[in-house]
2 protein chains.
Amino acid sequence: MLLRIDVNSGETLYSQLSNQIKYGIARGYLVPGEDLPSVRGLASELGINMHTVSKAYAMLKEEGIIIINRSKGVKVSEEALISRDDDYGKIFDKKMTELIAEGLCNGYEKDQFMHKANQLFDEIGGK
Amino acid sequence: MLLRIDVNSGETLYSQLSNQIKYGIARGYLVPGEDLPSVRGLASELGINMHTVSKAYAMLKEEGIIIINRSKGVKVSEEALISRDDDYGKIFDKKMTELIAEGLCNGYEKDQFMHKANQLFDEIGGK
DNA sequence: CAACTGTTATATTGTTATTATAACAGTTAG
DNA sequence: CTAACTGTTATAATAACAATATAACAGTTG
């Protein structure tokens, strides 16, 4: 899977990486069990520091999305698409509430929100 | 409207403020045309610095959500709930795509996403 | 043993967040 | 007119964070 980062996006590099990997899994570009590049390999490929990649991986590991083995490497968790963390519910609620509130302040009513969600799910290929 | 900030949340103070004001508008706690506290007043009330409040207000002004008058003060824009910024469409798409991808990685399928969105819209009182 | 894994440690640089003062310019009430 | 209020601008200090750079450590594998 192709990963790209933009140093001028305002978003931190590790956050960009983390988000793109999540998107890749959601989209099916990355499948559970699949190996991910090594921290050194990916850092070299992207032209960034090893620790920046390591931090992105650590965050994904914290969410249970990837599995890190100290000597074997990194792979997508077999349960990457399965609900497992109850604490995530609150985080998800907060994020969605923020998106809804901000959307409403920009003229996105419920109908439009739902329509856009449908559209994006279709693009991603979610069930 | 009651505003609260948490210095240990990880989220920046100005971002917390901005999000809460957006939520207040979406929820109807703040109505278009309504006056907002002065930068000094709100800073004092919250126990934070004037410039932190000013930054939050500047961001909301940038989004067209509030109106700032150098000598009269700050109020919610009359068009706070009306679509006006075409550039926001891309930002909204990106944010929702991130939420969908992350949700899928945590076991939130389309059905659950839609159900949660419906529920939160009901709570907020969106049409 | 050599080459690879992720991890840990230490240090440096640059940016951002937050606070602190102070001054400026426009508006409004007394 | 003055005093008290607006937001804005400037400058500075501190702390935290992001990113980089080296280096070493401890497992695993060919």
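Residue numbers begin at 1 in each chain, while the letters A, B, ... track the order of the sequences. Note that the structure is predicted; figures quoted are calculated from it, not measured.
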Side-chain H-bond candidate by donor/acceptor type, B/Glu11 with B/Ser9, under 3.5 Å: no
Tell me: [atom1] of [X] to [atom2] of [N], nearest whole Å?
X: A/Glu11; N: D/dA18; atom1: CD; atom2: P; value: 12 Å
X: A/Ile5; N: D/dA19; atom1: CD1; atom2: C1'; value: 11 Å
X: A/Leu13; N: D/dT20; atom1: CG; atom2: C1'; value: 11 Å

Which is true for A/Tyr14 with a 4.0 Å heavy-atom rule: it touches a base, it touches only sugar-phosphate, or it touches nothing? sugar-phosphate
Mind listing the closest non-hydrogen atom pair of B/Pro32 and B/Val76 along with its distance? CA-CG1, 3.6 Å
Among C/dT7, C/dA20, D/dT8, the nucleotide that comes nearest once only the side chain of A/Val39 is considered: C/dT7
Output the single nucleotide from D/dA23, C/dG6, D/dT8 whose closest atom is nearest the side chain of B/Ser54. D/dT8
Is B/Glu34 reaching over with its side chain to a backbone N or O of B/Val31, donor-acceptor style, under 3.5 angstrom? yes
Under 4.0 Å between a side-chain N or O of B/Lys55 and OP1 or OP2 of C/dA17? yes
Expected string for nucleotides 25-30 of chain C under the B/S/- scheme (protein heavy atoms, under 4.0 Å, primed atoms plus P, OP1, OP2 as sugar-phosphate) is -BSS--
If you take atom types as modelled and just measure distance, does the side chain of B/His51 reach the base of D/dT9 with a donor-acceptor pair under 3.5 Å? yes
